[in-house]
Amino acid sequence: MKKTSSLKIAFPVSSVWFGALVGPSMISGAFSIVYFAPYGIWGLLLPLAAMGTAATIIGMGSEVARRHKLYDYHSYTKCLYGTNSIGKILCIIMEIYMLFAMVVGGSSVMAMGGIFLNDLLGVHQVWGSVLMAALSIVIVLWGAKLVRATSSVMSVIMVTGMILLTVFAIYFNPAGFQDMFSAERVVQHPPIAAGIWNALLLGLSNACNALTLCSVEQTLTEKRHSAAVGICSFILNSTAFIIETLAVLPYCTDPNVLSHSVPVLYIVSNFLSGYAPWLPAVYMITMFFGLVSSGAPQLHAVATRMKPYYPNKTFFKNDKTQHFITGIIYFAVCIAISQLGLRTIISQGYSLLGYLAMPLLIIPICVLMPLRWRKERQKQIVNPE
């Protein structure tokens, strides 16, 4: 029997995470101005530390889901912590953590969507967020298969669009590209040690995606598939953040770039549109796909988790109805939180997620679960069936 390619299995799953985390963050440049660009040329290496950390956790988390056939994060947490009294308390804490993580991620998408549509259509930022929420809900109504498929297509579009934008950003500012290798090039230049620590926190903050991705990991059937998810995720996400930082760094002598909520939009509008009038249109299309691909996976994870709480009868029996109601509630909360501002959500929210992930997820997934599997293998050797 011919084996299915690991890449063919892993890429759609990795694309879901790519769309949820990197999509609009990469295209907007929002994560770069917080975590990478302020550190000058070192900002091109920091994504490797951040995404290497995150991808390792994602890959090991995928193996947990595959081995134990866990496709919603409630079942996942029960497997991690057990069903004794301490485990039940930890499961409740984990539910709160996951809710916080989903709100942080969703709020950043809603904030970016509001800014994007305000600039594109002139609508109020709140209405722009509402439109982004509606598009995400429509995708999720048709289940995990559509989420995987749309994320795969959108990932290709996003990467292609961002590479094009970055090439033009460097081409039209060659002096800025050369000068960015100078330590004095960036206006704000904190110690690199702080940059490494913040990059690791960003990577750790993505530990929650090990749980949310389980809702689209039904296709993983072998250990090599889980490893491929980790490898593919690392390549996709680290490359994306490096590309994003390359687009921003040549323009960082302008203080407005590092202070703008959507720096790539500022660069395209103020530096590049005069050379290529059609480039803003390319940016808008790329950003649109990034926003839609980010909101849908997060809502899908929440909707999958909330499904058991709906009464399985009459009006609530249909999955689409359940997902629709969950989507309205979830995005209403995210839109409210998004009013705090994109930079606040990214800098404070994701850092806090990183700190909390260490005891709640990193130790159970990366240490305790492998030890459990090792003990099970030893028992099988001693007492073979």
Side-chain angles (χ1 to χ4, degrees), residues 17-18 20-58 97 100-101 103-105 107-109 111-112 180-210 233-252 255 257-264 294 337 340-363 365-366:
W17 179 36
F18 176 87
L21 166 69
V22 179
S25 305
M26 171 187 69
I27 298 162
S28 68
F31 272 49
S32 180
I33 60 172
V34 173
Y35 291 102
F36 308 129
Y39 302 95
I41 195 62
W42 290 104
L44 298 178
L45 298 179
L46 292 176
L48 300 177
M51 293 301 102
T53 302
T56 300
I57 301 167
I58 293 296
Y97 174 83
F100 176 60
V103 169
V104 168
S107 298
S108 65
V109 174
M112 277 185 274
M180 77 180 189
F181 292 92
S182 169
E184 291 75 28
R185 180 63 183 168
V186 179
V187 177
Q188 304 172 15
H189 209 295
I192 186 58
I196 295 172
W197 177 245
N198 289 332
L200 292 176
L201 281 178
L202 176 60
L204 292 174
S205 73
N206 280 273
C208 61
N209 287 294
S233 297
F234 171 71
I235 294 172
L236 274 175
N237 296 319
S238 59
T239 301
F241 278 129
I242 290 171
I243 291 172
E244 172 197 18
T245 306
L246 273 172
V248 173
L249 270 180
Y251 299 88
C252 282
V257 172
L258 287 176
S259 62
H260 200 278
S261 297
V262 186
V264 175
S294 185
I337 300 297
L340 293 173
L342 181 58
R343 185 183 288 267
T344 299
I345 295 170
I346 290 176
S347 61
Q348 302 299 321
Y350 281 96
S351 294
L352 182 56
L353 284 174
Y355 283 114
L356 294 174
M358 294 181 197
L360 289 175
L361 286 170
I362 310 305
I363 294 175
I365 290 176
C366 299

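Given the structure is predicted, the values throughout are model-derived calculations rather than measurements.
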Visitor: Got a second to check how far I346's CD1 is from L202's CG, nearest 0.5 Å?
Guide: 9.5 Å
Visitor: With a 4.5 Å cut-off on side-chain heavy atoms, are L204 and Y355 touching?
Guide: no
Visitor: What's the separation between atom OG in S107 and atom CE in M112, rounded to the nearest 0.5 Å?
Guide: 10.5 Å
Visitor: So which heavy atom on S32 is nearest to which on P38, and how close?
Guide: O-CD, 3.5 Å
Visitor: Decide yes or no for H260 and I33: does some side-chain heavy atom of the first lie under 4.5 Å from some side-chain heavy atom of the second?
Guide: no
Visitor: If you take all heavy atoms of P359 and L356, which pair is closest and at what distance?
Guide: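 Looking at all heavy atoms of both residues, the closest pair is CD-O, 3.2 Å.
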Visitor: Report yes if the side chains of L46 and I192 come closer than 4.5 Å at any heavy-atom pair, otherwise no.
Guide: yes
Visitor: Distance check, rounded to the nearest 0.5 Å: S347 atom OG versus L352 atom CG?
Guide: 11.0 Å
Visitor: First locate atom OG1 of T344, then atom CD1 of I337, and finally report the distance between them rounded to the nearest 0.5 Å.
Guide: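 It comes to 12.0 Å.
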Visitor: Looking only at heavy atoms, what is the nearest atom pair of I365 and A210, with distance?
Guide: CD1-CB, 3.9 Å
Visitor: Can you see which heavy atom on V104 is nearest to which on I345, and at what distance?
Guide: O-CG2, 3.6 Å
Visitor: side-chain contact (heavy atoms from CB on, under 4.5 Å) with Y39: which of L44, N198, I196, L249?
Guide: N198
Visitor: Is S351 close to Y35 at the side-chain level, that is, under 4.5 Å between some pair of heavy atoms?
Guide: yes
Visitor: So do V248 and F36 actually touch side chain to side chain, heavy atoms under 4.5 Å?
Guide: no
Visitor: If I compare all heavy atoms of P263 with all of S28, which pair ends up nearest, and what's the gap?
Guide: CD-O, 3.1 Å
Visitor: Could you check whether the rings of F31 and Y350 sit parallel, tilted or perpendicular, using 30° and 60° as the cut-offs?
Guide: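 Plane angle over 60°, so perpendicular.
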Visitor: Quick one: do T53 and N206 satisfy side chain to side chain contact (heavy atoms under 4.5 Å, CB included)? Show the steps, please.
Guide: CA-CA 9 Å; T53 302; N206 280 273; over 6 Å; no
Visitor: Return the minimal non-hydrogen interatomic distance between Y97 and C208, and the atom names on each side.
Guide: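 Closest heavy-atom pair between Y97 and C208: CE2-CB, 3.9 Å.
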